[in-house]
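Below is one structure, written out as structure tokens, with a few remarks after it.
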Amino acid sequence: MSNFKSLPGFREFYPEDFAERRFLFQVWRQVARRFGFQEYDGPVLESLELFKAKSGDEIESQLFCFEDKGGREISLRPELTPTLGRMVAARANALKRPVKWFSVGDNFRYERMQKGRLRCFTQLNADILGEAGPSAEIELLALLVQIFQGFGLGEDDFFIRLSDRNIWVLYLEAQGFAAQSAKILEIVDKWERMPEEAAKENLESIVGDSAVQVWESLRAFLEVRTIAELSKAFQKVPVNSKLHEALEARIRDWTELLDGLDAMGIGGYIEMDLSIVRGLAYYTGFVFEVFDRAKKNRALAGGGRYNSLIQKMGGPEMPAVGFGLGDVVLADILRGRGLMPRLVDTLDAYLVVGGEEERVAALFDANVLRQSGFAVDYSLRSQAFGKQFKAASASGARFAFIYGSDELEKGVVKVRNLSDRSEEEVPRAQLPLVLRDLLG
RNA sequence: GUGGCUAUAGCUCAGUUGGUUAGAGCACCGGUUUGUGGUACCGGGGGUCGCGGGUUCGAAUCCCGUUAGCCACCCCA
């Protein structure tokens, strides 16, 4: 065995593995186009600054970054959104709105691997830019659901946890902690993972004596599952008139969003769950994550609204919402459910060649057939008929063309249907036409 | 970055209290088969037993180290 191994977290795709990938990407592209999204891509390698600008300096430890020969600090992209932001910012005023774009590309993160997480993975990114209202979220979430449905997954398999950073800020503001909201949301983010005592201590260091009271209010908010419960939660905190207006507006957004998702027929996939807050740095409104119902896997996808990124990239004010969907967890789940088809490249015809003299005719016809667009193969070596038929079956070809001395004397080849074993003689010149008919 | 478990053929795994040339099934190649294919029979190739060191007359087996993988934590854009 070779001493050269692929790098940790980087995969090799043998043909049967690659077939799985192609299947995933096919569905992604098909469904995205169905929704009117256009495909784009950006550079895999970017300046380190681009990613730091969006996510802060700490991110460097999780990047594949290095100095190039020109002394530039660069990094393989850990995500596509900064690149998208720059691309859209550069042409923002010339782009028809809404901008509905998607991309399928490799991303790189220097992290310890575990189930569902590698160092190089492929992500579908879909974004809608230029629309501030919930109609963009409705469209995007509908796309997300149809993609999973496209793989045969349904309501019993996955669901979307839907949350809202705006409503959290309003809630904390009402309690007088607007300035501390980022830190408090960090506690919310770790609510299920962090031991209660540690979380309470942490909270105390942020809000001081009000810790007990705030803790209870967080707990109550996390139990909210409906708009009615949401309104009720706000009745227990002091809401001044200015806040009241913002709150009313936000509740109208929520209503529009949920009604729209119902209208799309995907209400059954949505669960209001304010424990989702996600990457605190740049999300500005609704955020969401997709999980399998069994919750045995990492999030299948995640995203949300990021209304200030385009400006940050030097563009005009431009609202945006998007999601990323990785190939690793998705493939795990599809395999687990038996929903990963074994796609193999199949041939239209396999040429069975009698001997060296017949080979001349076979090579000639193979070339003609291939130029006509058919997938055709034959044995590179002179082999017994039985051997060649075995190879023909294994290749998945639908037909075998038999080049025997008897046939060629008559100017025909025998066309054998490999599934029903029927045979007919066809003049060589007519092979492309006949094959086209046979394949339907 | 931290911790636990694992490592024998391309894959799934056997391998006795340490014992002589490390096995099986599947897969692959060849044959039975220059005129008919998923079955059958026969044969073949393929291993530094993850790597390095130690104990021993002798190590896949015991000990130490190391690397990689898996799982969880941290993180998760």
Side-chain angles (χ1 to χ4, degrees), chain A residues 1-12 14-17 50-56 58-63 75 77-85 107-119 121 123 125 186 189-190 193-195 198 276-283 287 289 296-304 306 309 322-326 328-329 332 350 352-359 379 381-408 413-423:
Chain A
M1 190 191 291
S2 167
N3 285 320
F4 297 111
K5 291 180 183 166
S6 64
L7 293 171
F10 285 78
R11 294 167 288 175
E12 295 172 309
Y14 288 84
E16 59 272 26
D17 307 316
L50 178 67
F51 303 118
K52 281 191 182 171
K54 187 191 152 220
S55 310
E58 332 67 73
I59 198 179
E60 190 171 335
S61 67
Q62 294 176 45
L63 294 179
S75 174
R77 68 182 177 202
E79 59 166 332
L80 190 58
T81 310
T83 302
L84 169 69
N107 291 33
F108 307 84
R109 296 179 188 175
Y110 197 86
E111 294 181 297
R112 187 75 147 238
M113 299 119 52
Q114 54 186 281
K115 188 176 170 62
R117 191 166 76 181
L118 302 169
R119 286 182 169 181
F121 55 94
Q123 230 180 32
N125 276 258
E186 254 176 74
D189 189 34
K190 291 173 183 165
R193 289 168 294 179
M194 198 186 265
I276 303 291
V277 292
R278 288 184 67 78
L280 304 153
Y282 71 99
Y283 284 111
V287 291
E289 289 184 351
K296 285 286 176 198
N297 290 282
R298 310 175 68 81
L300 274 156
Y306 52 98
L309 183 68
F323 68 75
L325 192 173
V328 184
V329 177
D332 279 348
Y350 192 96
V352 174
V353 185
E356 285 311 309
E357 281 182 32
E358 291 76 23
R359 179 170 288 265
S379 170
R381 298 191 310 200
S382 194
Q383 281 182 314
F385 271 76
K387 213 66 178 170
Q388 295 188 64
F389 278 106
K390 254 180 207 165
S393 297
S395 75
R398 299 193 35 200
F399 298 95
F401 290 1
I402 301 162
Y403 287 75
S405 50
D406 297 348
E407 288 84 358
L408 290 179
V413 300
K414 208 177 268 174
V415 173
R416 180 179 174 88
N417 182 323
L418 287 168
S419 39
D420 67 17
R421 304 187 176 216
S422 63
E423 289 183 351

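Reminder, nothing fancy here: chain letters follow the sequence lines and each chain counts from 1. As the structure is a prediction and not an experimental result, all values here were calculated from the model.
Residue A/Arg109 places a side-chain atom within donor-acceptor reach of the base of B/A77, judged by atom type and a 3.5 Å distance cut-off alone. At a cut-off of 3.5 angstrom, counting only N and O atoms as typed in the model, there is no donor on one side facing an acceptor on the other between the side-chain of A/Glu111 and the base of B/G1. Looking at A/Arg298, its side chain comes within 3.5 Å of the base of B/C76 through a donor and an acceptor atom. For B/U36, the base has no donor-acceptor partner in the side chain of A/Gln388 [N/O atoms by modelled type, under 3.5 angstrom].
Note on A/Gly355: nothing from the nucleic acid sits closer than 4.0 angstrom, heavy atoms only. Within 4.0 Å (heavy atoms only), A/Ser405 reaches at least one base atom of the nucleic acid. At a threshold of 4.0 angstrom between heavy atoms, the contacts of A/Lys52 with the nucleic acid are absent. A/Pro8 comes within 4.0 angstrom of the backbone, heavy atoms only, and of no base. Contacts of A/Asp406 with the nucleic acid, taken as non-hydrogen atoms under 4.0 Å apart, include base atoms. A/Glu407 comes within 4.0 angstrom of a base, heavy atoms only.
For A/Arg112 and B/G1, the CZ to P distance is 6 Å, given to the nearest whole Å. As rounded to whole Å, 12 Å separates atom P of B/G69 from atom CD of A/Glu12. The distance between atom CG of A/Asn297 and atom P of B/C71, rounded to the nearest whole Å, is 10 Å. Atom CE in A/Met113 sits roughly 19 Å away from atom P in B/U6 (whole-Å rounding). For A/Arg119 and B/G69, the CZ to P distance is 8 Å, given to the nearest whole Å. Here B/C76 presents its P atom at 20 Å from CG of A/Leu80, a figure rounded to the nearest Å. Distance CD1 (A/Ile276) to P (B/C76): 13 Å, rounded to an integer number of Å. In this structure, the NZ atom of A/Lys115 is 17 Å from the C1' atom of B/C73, given to the nearest Å.
Minimum interatomic distance between A/Asn297 and A/Val329 (heavy atoms only, all atoms of both residues): CB-CG1, 3.8 Å. Here the closest heavy-atom approach between residue A/Glu12 and residue A/Asp17 is recorded as O-OD2, 3.9 Å. Nearest heavy atom pair, residue A/Leu118 against residue A/Met113, reads CA-CG, 4.1 Å.
Set against B/C74, B/A77, B/U36, the side chain of A/Gln114 has B/C74 as its closest nucleotide. If you check B/G37, B/C75, B/A77 against the side chain of A/Arg193, the one that comes closest is B/C75. The listed nucleotides are B/G38, B/A77, B/A72; the one nearest the side chain of A/Arg421 is B/G38. Distances were taken from every side-chain heavy atom of A/Arg117 (C-beta onward) to each of B/G3, B/C76, B/G35; the shortest belongs to B/C76. The A/Leu418 side chain lies nearest to B/G37 when the options are B/C73, B/G37, B/G35. Ranking B/C75, B/G69, B/G35 by closeness to the A/Gln62 side chain, first place goes to B/C75.
Nucleotide B/U34 forms a pair with no other nucleotide shown, judged by Watson-Crick or G-U wobble geometry with both contacts under 3.5 Å. Across every strand in view, B/U21 sits unpaired, with no contact that passes the Watson-Crick or G-U test at under 3.5 angstrom. Base pairing annotation: B/G44 forms a Watson-Crick or G-U wobble pair with B/C28, both donor-acceptor distances under 3.5 Å. Using Watson-Crick or G-U wobble geometry with both donor-acceptor distances under 3.5 Å, B/C62 finds its partner in B/G54. The pairing partner recorded for B/G3 is B/C71, the criterion being a Watson-Crick or G-U wobble arrangement whose two distances lie under 3.5 angstrom.
Look at the C1' atom in both B/C28 and B/G46: the space between them is 9 Å, to the nearest Å. To the nearest whole angstrom, the two P atoms, one in B/U16 and one in B/C76, are 47 Å apart. Between the P atoms of B/C63 and B/C70, the separation comes to 25 Å (whole Å). Nucleotides B/A24 and B/C42 have their P atoms positioned 13 Å apart, rounded to a whole Å. If you take atom P in B/U6 and the same atom in B/G43, they sit 38 Å apart, rounded to whole Å. Taking atom P in both B/G25 and B/U21, one finds a spacing of 23 Å when rounded to whole Å. The separation of B/G19 from B/C62, taken at their P atoms, amounts to 11 Å, rounded to a whole angstrom. Look at the P atom in both B/G15 and B/A60: the space between them is 16 Å, to the nearest Å.
Here A/Phe389 counts as stacked on B/U36: its ring centre is under 5.5 angstrom from the base ring centre and the planes meet at under 30°.
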What's the verdict on side-chain contact (heavy atoms from CB on, under 4.5 Å) for A/Ile402 and A/Glu423, showing C-alpha distance, side-chain angles and the deciding distance?
-> CA-CA 10 Å; A/Ile402 301 162; A/Glu423 289 183 351; 3.9 Å; yes
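A distance of 7.5 Å separates NZ of A/Lys414 from CG of A/Asp406, quoted to the nearest 0.5 Å. Here the CD atom belonging to A/Glu407 is positioned 13.0 Å from the CZ atom belonging to A/Phe401, to the nearest 0.5 angstrom.
Closest-nucleotide positions on RNA chain B for A/Gly302 and A/Leu118 were compared, and the one nearer the 5' end corresponds to A/Leu118. Taking for each of A/Met194 and A/Glu423 the nucleotide of RNA chain B with the nearest heavy atom, the 5'-most of the two is the partner of A/Glu423.
With contacts defined as side-chain heavy-atom distances shorter than 4.5 Å, the pair A/Val352/A/Tyr403 does not qualify.
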Give each protein N/O atom lying under 3.5 Å from an N/O atom of nucleotides 27-32 of chain B, with the pair distance.
unit_1	atom_1	unit_2	atom_2	d
B/G30	OP1	A/Arg381	NH2	2.5

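Under the 3.5 Å distance criterion, the side-chain polar atoms of A/Gln388 are matched with a main-chain donor or acceptor of A/Gln383. The main-chain N or O of A/Gln62 is never found under 3.5 Å from a side-chain atom of A/Arg109 such that the two would form a donor-acceptor pair.
Both cation-pi conditions hold for A/Arg119 and A/Tyr110: the charged atom is under 6.0 angstrom from the six-membered ring centre and inside a 45 degree cone around its axis.
No more than 12 heavy-atom neighbours from other residues, nucleotides or ligands sit within 6.0 angstrom of CD on A/Glu357.
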